[in-house]
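Read the numbers this way: they start at 1 and go in the same order the structure lists the ligands and their atoms.
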Amino acid sequence: MATREEADILVRLAREYYVSGFGRSESFYGRPGSIVEFAEGHYAVDIHGSRLFDTETCASACYLGFGRPEVMKALQAEMARLPSTTPLFVPTAPLLKLGEKLAAISPGNLKYSVFGANGTDATEGALKISRQYWKALGKAGKYKVLHRIPGDYHGMSLATVSASGHTFRRTPYEPLMAGFVSFNAPNCYRCPFEKALPDCHLLCARELEKVIQFEDPDTIACVITENTNTGLGIVPPPPGYMQAIRETCSKYDVLLIADEIITGIAKTGAWFESEKHGIVPDMLCIGKAISAGCGALAVTHVSEEIGKVLAETGNLHHGFTYGGLGYLAAAGLAGIAYVEEHDLLARAREIEAIMGKRLKSLMTQSPVVGDVRMSGAVQGIELVSDKSAKSIFADPWEVASFISEVGREHGVLLNCQFPHYGNVITMYLPLTSTNAELAMVCAAIEDVVDRVARRYL
Ligand SMILES: Cc1ncc(COP(=O)(O)O)c(C=O)c1O
C-alpha cells in the first residue's frame, strides 16, 4: 500500500497533470476509491488502503473479477510467445480462434469478426460498414444513421458521439456529424409518450417506422441501438420491442446494429442480450469483457451476408495498430471457457433472481426507490425524491456522492453513473460473486436508501 506521503503525491499529480476523459472535477481525486493501487478478485484497493467490492467491474469489462488465475495464465503465456502485434497486421492463432468462437456463440448468421481495440472502434466500424455495404450494393444514397435518445451510448469518436444520446457529451463537440437522426428510446418507468404497457401497444417501437418513412428508407443505412439502454441507467426494452425494431429494419432494408459492448459475453444470462430478446442483428458490437477485462480489444461482428459483400466488392478500411492483440484474445477465450466450465450463464440469471428478490421489495418499502431494473448481473436501482411524481432530487450530484460515501462505509463501491439524468445506482456484478458478497451489496444498498430518505426527504 502507498505510504501517506506517496498517496498525497499521487493526489497532487492527478490534480496537476491528469485530464480525465470522464469529466471528473479536481476535488474527486482526494476521495477514497478515486486512485486505485491494485485490484484482486472482486475488490479494488485504493491508495489510502480502502478495500472495496467493485460493483462496476471496470464498466463490466472485468466480469470474472480482477486477475482470474485461468485468464491470467492464458494472457501471460501468449504475451510471452508474442508480446505485441505481428508485422503488417496479420492475425494470430488466438485471434482466429476467438473469431470462430464468437461465430459459434453469437445468434443466427453472425459470422465474421472485425477486430479493433476499444468499443468505440467497434461501433464506429459498424457505422462505416453499413455505409460501405450499401455502396457496394449500388445504393450509395443509403447513408443515414438512426439512433436512440436519451441514453444509448456508443462511444467517444465524433461519429459515435453523433449516434449517442447523452446531451452533456454531445454539446461540447457540436456541430456533430450530418446524417444522424434520433428517435425516442423506450423507458417504461418514464415513458417519453406518457403511456403505459400494454395499452401503449409499443408506441416507442412504432415510432421508428414513422421516422424511417419520414426520412425516406432509401436514405437510411442503419439503426444502432443497445438492447438494455445502459447509458440511461440500465433500462431494459419492453417485451416485444426489440423484435418490433428488427421487423421494421428488415421491412425497410435498414441494417440493425446491436451495441452489446456492455451487455455482451454472458452478463445478462445469455451470451448476448439480443438472443434473450429473440433477435438477430446484422451487426453486433462487442468490447469490454471480450478480453476478460485484460485490455483493449473489441469486435464488430457481422453477418455472413455483410461479410461476403465486403469481401467480394472491396476492402474494408477499418483497422488499428493495436486492434486485435493475440494475448488479449487468448485471455478472452480463457474467460469464455471459464464461463462454460462453471455455467456462468445460469449464474448470471441466478444473480438477477437473488438480487431481485431482496432489492425489488425496496420499491414498496422505501420512499425513495422508484424502480429496480435488471438484466442478469446488469442492474440499476433508481432513486427519486417523490415516488408518485418520479421527481429527481434537487441536487442529484450531491445525492450521488452521498450514495458512494455510504457504500464505501460498507466496503462496497457504488456508483450513480449519470446524475445528469437522476440517481440510478448502476451495477455490473462479477458473475463469480459469492452469495455472501451479493448479500453485502444488498445490505449496503438498503442502508443507502434508508439514509438517503432520512437526509434528503
Ligand atoms: C454500450 C457502449 N457502447 C460503446 C462503448 C464505448 O466503448 P469504449 O469505452 O471501449 O470505447 C461503451 C463504453 O462504455 C458502452 O458502454
**Message:** Is it the case that the side chain of K142 and the backbone of I220 share a donor-acceptor pair, with hydrogens and angles ignored and the cut-off at 3.5 Å?
**Reply:** yes
**Message:** Ignoring hydrogens and geometry beyond distance, is a side-chain donor-acceptor pair present between E174 and T171 at under 3.5 Å?
**Reply:** no
**Message:** Does the residue K288 have a heavy-atom contact with ligand 1, meaning some pair of atoms that are separated by less than 4.0 Å?
**Reply:** yes
**Request:** Return yes or no for this condition: an N or O of T120 is under 3.5 Å from an N or O of ligand 1.
**Result:** yes
**Asked** How close does the nearest protein non-hydrogen atom get to atom 15 (C) of ligand 1, and which residue and atom is it?
**Response** Y153 CD2, 3.7 Å
**Prompt:** Between T123 and ligand 1, does any nitrogen or oxygen pair lie at a separation below 3.5 Å?
**Reply:** no
**Prompt:** Would you call the rings of F320 and H318 parallel, tilted or perpendicular if under 30° counts as parallel and over 60° as perpendicular?
**Reply:** perpendicular
**Asked** Could a heavy atom of E226 be found less than 4.0 Å from some atom of ligand 1?
**Response** yes
**Message:** For N227 and S274, which I'm curious about, is there any donor-acceptor pair between the side chains at under 3.5 Å?
**Reply:** yes
**Request:** Give the ring-plane orientation class for F168 versus Y421, where under 30° counts as parallel, over 60° as perpendicular and anything between as tilted.
**Result:** tilted
**Complete:** ligand 1 atoms nearer than 4.0 angstrom to some heavy atom of I262 are 16 (O)
**Message:** Could you go through S404 and R408, starting from their C-alpha distance and side-chain angles, then the distance that decides it, and tell me whether this counts as side-chain hydrogen bond (donor to acceptor under 3.5 Å, both in side chains)?
**Reply:** CA-CA 6 Å; S404 296; R408 284 194 299 266; 4.7 Å; no
**Prompt:** Can you tell me which residue and heavy atom of the protein come closest to atom 3 (N) of ligand 1, and the distance to 0.1 Å?
**Reply:** D259 OD2, 2.7 Å
**Prompt:** Will you find, in the side chains of K144 and T219, an N or O donor that is under 3.5 Å from an N or O acceptor?
**Reply:** yes
**Prompt:** How close does the nearest protein non-hydrogen atom get to atom 7 (O) of ligand 1, and which residue and atom is it?
**Reply:** G119 CA, 3.3 Å
**Request:** Using a 4.0 Å heavy-atom threshold (strictly under), name the region of I261 that reaches ligand 1: side chain, backbone, both or neither.
**Result:** side chain
